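This report refers to the structure that appears directly beneath it.
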Protein chains: 2
Amino acid sequence: MLRKVDKHSGIPAYIQIVNMIKSEVLLGNLQKGAQLPTIRDLQNIFDVNINTVLKALEKLKAEGYIEAEQGVGYFIKRDVYIDQKIIETIRECVSKLKDDRIDFHTAMLIFEEVWKNG
Amino acid sequence: MLRKVDKHSGIPAYIQIVNMIKSEVLLGNLQKGAQLPTIRDLQNIFDVNINTVLKALEKLKAEGYIEAEQGVGYFIKRDVYIDQKIIETIRECVSKLKDDRIDFHTAMLIFEEVWKNG
DNA sequence: AATAGTGTTATATAATTATATAACACTATT
DNA sequence: AATAGTGTTATATAATTATATAACACTATT
């Protein structure tokens, strides 16, 4: 789901935008050929300047996720296959963590630390 | 574990440093009263400029995680209690995901998206 | 008292990130 | 042919992030 950028997270806005769009592709919510909202709509959705949107789209284009058609719009260029088992594993984990009332940021920190230093 | 900052991640170095130190506190590897390496050692550990280290430490101080004693060093100011059950949940999840050969960045993207938009 | 090892403060510079604004180019519809 | 709706390119400005460097202040040991 495309949503407002978090301006206090410390993570650059254009990186957050790249991440959100990648996530949509990974989860299959945006499939090959799908058209993105117009850049001026994206500007409102993410609540950033149009140049920040463009910077994010440029990065996604460079990574092969999307392509532009001038005068028409931006389109998803490829599907990224993710085994549903993986998504289910993550859903279960998130569900358990929410039951335990842990906040997102803390969960992410532990997740990253455990991943990188088992 | 304190390690080199990833200069290509797009996430500001001082934020990565803040996150690593917070993680150590969350996992109990750095407990109340523990002394951090000197700022000049941290500079080498993280592979950044001394001012970048200071910026991170300043933020951690502002959030109450650490305190400074001039001429002596930086110390952990408080413990943050995390239920071991939570850490175990995350360990299991990470273990499963690694078995499925998914990469860290992709896992994080899905984790975040599932969390924020179940 | 001297010194080595800490943190502290300050100045300058460059690259990156984000905003504001405007004009332009292409496409599809009227 | 005109026009509304797309993406594209460009310029200026400000704030943030990161580096380099130097001098200073406090603490504990010698």
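It should be emphasised that the depicted structure is a prediction, and the values quoted were computed from it without experimental measurement. Chain identifiers are assigned alphabetically (A, B, ...) following the order of the sequence lines, protein sequences preceding nucleic acid strands; residue numbering begins at 1 within each chain.
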*Report the C-alpha separation of B:L36 and B:L57 in whole Å, then their side-chain angles, then the decisive distance to 0.1 Å, and conclude whether the side chain to side chain contact (heavy atoms under 4.5 Å, CB included) test is met.*
CA-CA 10 Å; B:L36 289 176; B:L57 295 181; 4.1 Å; yes
*Polar side chain donor-acceptor pair, A:N49 to A:T52, under 3.5 angstrom*: no
*Rounded to the nearest angstrom, tell me the gap between atom CG in B:N49 and atom C1' in D:dT19.*
5 Å
*Listed by chain and number, what are the ring-ring contact (aromatic ring centres under 6.0 Å, His included) partners of B:F75, not counting sequence neighbours?*
none
*Please state how far atom CG in A:N51 lies from atom P in D:dA14, giving the value in whole angstrom units.*
16 Å
*Look at the side-chain N and O atoms of B:K55 and state whether any lies under 4.0 Å from the OP1 or OP2 oxygen of D:dA18.*
no
*For B:I102, does its backbone N or O pair with a side-chain atom of B:D100 as donor and acceptor, under 3.5 Å?*
no
*Where the side chain of A:T38 is concerned, which of D:dT9, D:dT6, C:dT19 is the nearest nucleotide?*
D:dT6
*asked:* Atom NZ of residue position A:K32 - does it have more than 12 heavy atoms of other residues, nucleotides or ligands inside 6.0 Å?
replied: no
*What's the CD1-P distance between A:I39 and D:dT9, to the nearest Å?*
11 Å
*Qualifying side chain to side chain donor-acceptor pair (under 3.5 Å) pairs with a residue from residues 10-29 of chain A, counting only residues at least two apart or across chains*: A:S9-A:Q16, A:K22-A:E63, A:E24-A:N29
_Does C:dT17 have OP1 or OP2 under 4.0 Å away from a side-chain N or O of A:T52?_
no
*Looking at A:K116 and A:E112, does any basic side-chain N land under 4.0 Å from a carboxylate oxygen?*
yes
*asked:* When you measure from the centre of the six-membered ring of A:F46, is the NZ or CZ of A:R3 closer than 6.0 Å and no more than 45° off the axis?
replied: no
*For the pair made of CG in A:N44 and P in D:dT6, what is the distance, rounded to whole Å?*
12 Å
*Residues which pass side-chain hydrogen bond (donor to acceptor under 3.5 Å, both in side chains) with A:Q43, listed by chain and number, not counting sequence neighbours*: none
*Interatomic distance, A:I50 CD1 vs C:dC24 P [rounded to whole Å]*: 16 Å
_Tell me which residues in residues 59-69 of chain B lie within less than 4.0 Å of DNA chain C, going by non-hydrogen atoms._
B:A68, B:E69
*Would you write out the dot-bracket form of DNA chain C, 5' to 3', with Watson-Crick and G-U pairs under 3.5 Å, [ ] for crossing pairs, | for pairs to other strands and . for unpaired bases?*
||||||||||||||||||||||||||||||
*Rounding to a whole Å, what distance do you find between A:Q43:CD and C:dA20:C1'?*
10 Å
*Specify the closest pair of heavy atoms between A:I45 and A:P37, including all atoms of both residues, with the distance to one decimal.*
CD1-CG, 4.0 Å
*Contacting residues from residues 7-25 of chain B, given that a heavy atom lies under 4.0 angstrom of DNA chain C*: none
*Using only heavy-atom distances, decide whether a donor-acceptor pair under 3.5 angstrom links the side-chain of B:R40 to the base of C:dG5.*
no
*asked:* Check this for me, if you would: do B:K55 and B:E58 make a salt bridge, where the nitrogen-to-carboxylate-oxygen distance has to be below 4.0 angstrom?
replied: no
*Heavy atoms, side chains only, cut-off 4.5 Å: are A:L109 and B:L27 in contact?*
no
*Rounded interatomic separation in angstrom, taking CD from A:E58 and C1' from C:dT17*: 16 Å
_Taking the nucleotide of DNA chain C with the nearest heavy atom to each, does B:G71 or A:G71 sit closer to the 5' end?_
B:G71
*Rounded off to whole Å, could you give me the CD-to-C1' distance for the B:Q70 and D:dT27 pair?*
9 Å
